[in-house]
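To start, the structure under review is shown below, and the notes come after it.
For the numbers below, each heavy atom of this structure counts, side chains included, while hydrogens, waters and symmetry mates do not. Residue indices begin at 1 and follow the sequence shown.
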Amino acid sequence: MTYFFSEFLPKNADPAYSIIRDQPQYLDDKKFIEEMWLSYEQYADTNFLEQSKIDFNQRIWEMYLACSLIFQGLSIDSKDEGPDILIDTGELKIWIEAVAPKPGQGVDAVSQMEFGVLRNIPDEKIKLRYRSAIEEKYNKKYKNYLAKKIVKPEDCYIIAINGSSIPSARRELEIPRIIRSVLPFGNESINIDTESGMPIERFYQYQDSSRKQSGASVSTDIFFKEEYSGISAILFSCMDVLNRPNEFGDDFVLLHNPLATRQFPQGFFKLGREYWVDNSSLKCITWSTEGKSDI
C-alpha cells in the first residue's frame with residue numbers, strides 16, 4: 001500500500017500540496033485525499049504521485065473525477081497513453097480528458113482578488129481560459145489521439161474542465177460560464193414596461209465571441225460549429241480539496257454538444273446538472289432532485 005502524500009518534496013513543489021500535507025488544520029482534507037487515493041491508485045498513471053507534488057489541483061481533479069464515476073457504479077480504465085479515463089460499455093467507448101486551467105499570463109490573465117478591494121468579476125477573461133483549455137485538449141490532444149488510433153471517430157470524447165485554479169471562477173450566473181463559453185449566451189437582459197415599471201420580458205443577449213485585450217476575438221459558439229463535432233460533451237466542476245460537495249459529483253455541470261458526431265447518452269452519469277439543447281432551447285435536469293427546467 002502506498003500513500004498519496006510523501007515526505008520528499010521537490011524544490012518546485014506546489015504550495016497547496018505542502019500546506020495540506022503539513023498543517024494540522026487540514027487533517028480532514030488530507031484524510032479525504034488519502035481515502036480517494038485508495039480507490040484511485042490502481043488507475044493512476046506511472047508518474048501520478050510525483051506530478052501531484054508540482055501540479056496539485058490538476059491531479060486532485062483527475063482523482064476526484066474518477067472517484068465520482070467509480071462511486072456511481074461505473075467501471076473505468078486509465079492508461080499512460082491517451083485520455084485520462086476510459087469507460088468501455090462494450091457497445092460504446094467514452095474517453096474523458098481532464099484539465100484544470102490556470103489563471104494564464106499576460107494582459108488576458110485572470111488576476112487574483114485583492115482583500116478589501118471591490119472589482120467586477122472578469123467574466124470574459126475566465127471564459128477565455130476555458131476556451132484555451134478546450135482548444136488545447138481538442139485541437140492538439142484529441143486530433144493526436146485520432147492520428148494514433150487511440151481514440152476512434154465513433155467513440156465519445158468528453159473534455160472535463162476544473163475551474164478552481166482560476167480566481168473568481170466560482171461566481172456564476174444562472175447559465176454557468178462554461179456553457180456561455182461554447183454556446184452564444186451573453187448577458188441576461190430584462191425589458192421593462194415604461195408605464196408600469198414592471199418587467200415584461202427576460203432574455204439573454206446573443207454573444208458568439210469574447211475579445212482579447214489585443215482585439216482578437218475568440219468564438220464562444222463552438223457547439224454550433226461542425227468543426228468541433230468531435231467533442232461529445234463538456235463536463236465542468238469548480239471543486240478543490242477545501243471546497244467540495246458532500247456527495248461526489250453533485251457539483252458537476254455536463255453540457256451535451258448538439259452537433260457531436262458521437263452523441264453522449266443523456267442520463268449516463270446521473271450526476272450534478274445535465275444540460276442539452278432541444279428545439280433551440282437550453283434544457284436542464286438536476287439529478288440530485290431529478291428536477292427538469294427550460295432556460
Side-chain angles (χ1 to χ4, degrees), residues 1-87 95-105 109-110 112 129 133 136-137 140-141 145 150 158-167 169-170 235-252 271:
M1 175 183 172
T2 60
Y3 291 94
F4 180 89
F5 291 98
S6 67
E7 295 183 4
F8 171 75
L9 284 179
K11 291 182 179 179
N12 61 338
D14 191 316
Y17 181 100
S18 306
I19 289 170
I20 291 176
R21 187 194 68 166
D22 299 334
Q23 298 297 322
Q25 64 264 41
Y26 299 115
L27 185 61
D28 287 344
D29 305 301
K30 182 178 179 181
K31 180 181 177 183
F32 170 76
I33 293 172
E34 293 290 3
E35 288 174 349
M36 278 203 301
W37 176 243
L38 284 175
S39 298
Y40 181 68
E41 180 179 4
Q42 62 180 306
Y43 305 105
D45 59 46
T46 307
N47 300 316
F48 185 87
L49 288 180
E50 289 306 307
Q51 291 173 347
S52 296
K53 297 175 182 178
I54 58 176
D55 199 359
F56 185 65
N57 273 4
Q58 170 68 34
R59 294 303 174 173
I60 290 297
W61 169 229
E62 291 175 21
M63 186 160 58
Y64 175 83
L65 173 61
C67 287
S68 297
L69 302 177
I70 293 168
F71 298 157
Q72 188 73 2
L74 297 171
S75 296
I76 72 168
D77 195 6
S78 180
K79 305 180 186 301
D80 281 355
E81 188 175 17
D84 299 296
I85 296 172
L86 169 63
I87 301 172
W95 298 93
I96 306 175
E97 188 80 274
V99 58
K102 292 180 170 56
Q105 297 178 338
V110 183
Q112 293 287 346
R129 300 307 306 141
E136 169 69 23
K137 294 304 179 182
K140 294 182 180 179
K141 292 283 190 178
Y145 297 146
I150 297 171
I158 298 173
I159 300 175
I161 298 176
N162 179 275
S164 66
S165 296
I166 302 175
R170 286 191 176 83
L235 189 151
F236 179 82
S237 166
C238 226
M239 73 76 58
D240 61 30
V241 175
L242 305 182
N243 298 277
R244 58 185 189 267
N246 293 327
E247 300 293 334
F248 279 86
D250 268 2
D251 56 318
F252 285 175
L271 292 169

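When all heavy atoms of Asn57 and Ser165 are compared, the pair lying nearest together is ND2-OG, 2.9 Å. Scanning all heavy atoms of the two residues, the minimum distance from Lys137 to Glu97 falls at CD-CG, 3.4 Å. For Ala169 against Gly163, the heavy-atom pair with the smallest separation is CB-O, 3.4 Å. Pairing each heavy atom of Asp77 with each of Tyr43, the nearest pair is CA-CD2, 4.3 Å. Heavy-atom minimum distance, Asp250 versus Pro245: CB-CB, 4.1 Å.
Put simply, the side chain of Leu65 reaches to within 4.5 Å of the side chain of Ile96, judged on heavy atoms. Counting heavy atoms from C-beta on, the side chains of Lys141 and Ile159 never come closer than 4.5 Å. Looking at heavy atoms from C-beta onward, Ser6 lies in side-chain contact with Tyr17 at the 4.5 angstrom threshold. Taking 4.5 Å as the limit, every side-chain heavy atom of Tyr26 sits out of range of all side-chain heavy atoms of Val241. In this structure the side chain of Cys238 never reaches within 4.5 angstrom of the side chain of Asn243, judged on heavy atoms.
Here the CD1 atom belonging to Ile20 is positioned 8.0 Å from the CG atom belonging to Asp240, to the nearest 0.5 angstrom. For the atom pair CD1 of Ile19 and CG of Asp29, the computed distance is 11.5 Å after rounding to the nearest 0.5 Å. Note that the CD1 atom of Ile54 and the CG atom of Leu9 stand 11.5 Å from one another [nearest 0.5 Å]. Rounding to the nearest 0.5 Å gives a distance of 8.5 Å between CZ of Phe252 and CE of Met239. To the nearest 0.5 Å, atom CG of residue Asp14 and atom CD of residue Gln58 are 11.5 Å apart. Here CG of Leu271 is found 8.0 Å from CG of Leu74. Values are rounded to the nearest 0.5 Å.
Side-chain N/O atoms of Trp37 and Thr2 include a donor and acceptor closer than 3.5 Å.
Within a 6.0 Å sphere centred on CD of Glu247, heavy atoms belonging to other residues, nucleotides or ligands number 12 at most. Residue-environment remark: CZ (Phe71) exceeds the threshold of 12 foreign heavy atoms within 6.0 Å. Atom CG of Asn12 has more than 12 neighbouring heavy atoms from other residues, nucleotides or ligands inside a 6.0 Å radius. Crowding of Gln105 atom CD: a count of heavy atoms from other residues, nucleotides or ligands under 6.0 Å not exceeding 12.
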Would you check, one step at a time, whether the test side-chain contact (heavy atoms from CB on, under 4.5 Å) holds for Ile60 with Met63? CA-CA 5 Å; Ile60 290 297; Met63 186 160 58; 4.0 Å; yes
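Using a 30° and 60° split on the angle between ring planes, Phe4 and Phe56 fall in the perpendicular class, above 60°.
If you look at Tyr64 and Tyr40, their ring centroids are not closer than 6.0 Å. A centroid separation of less than 6.0 Å is found between the aromatic rings of Phe32 and Phe248.
With salt bridges taken as basic N to acidic carboxylate O contacts below 4.0 Å, none links Asp251 and Arg170.
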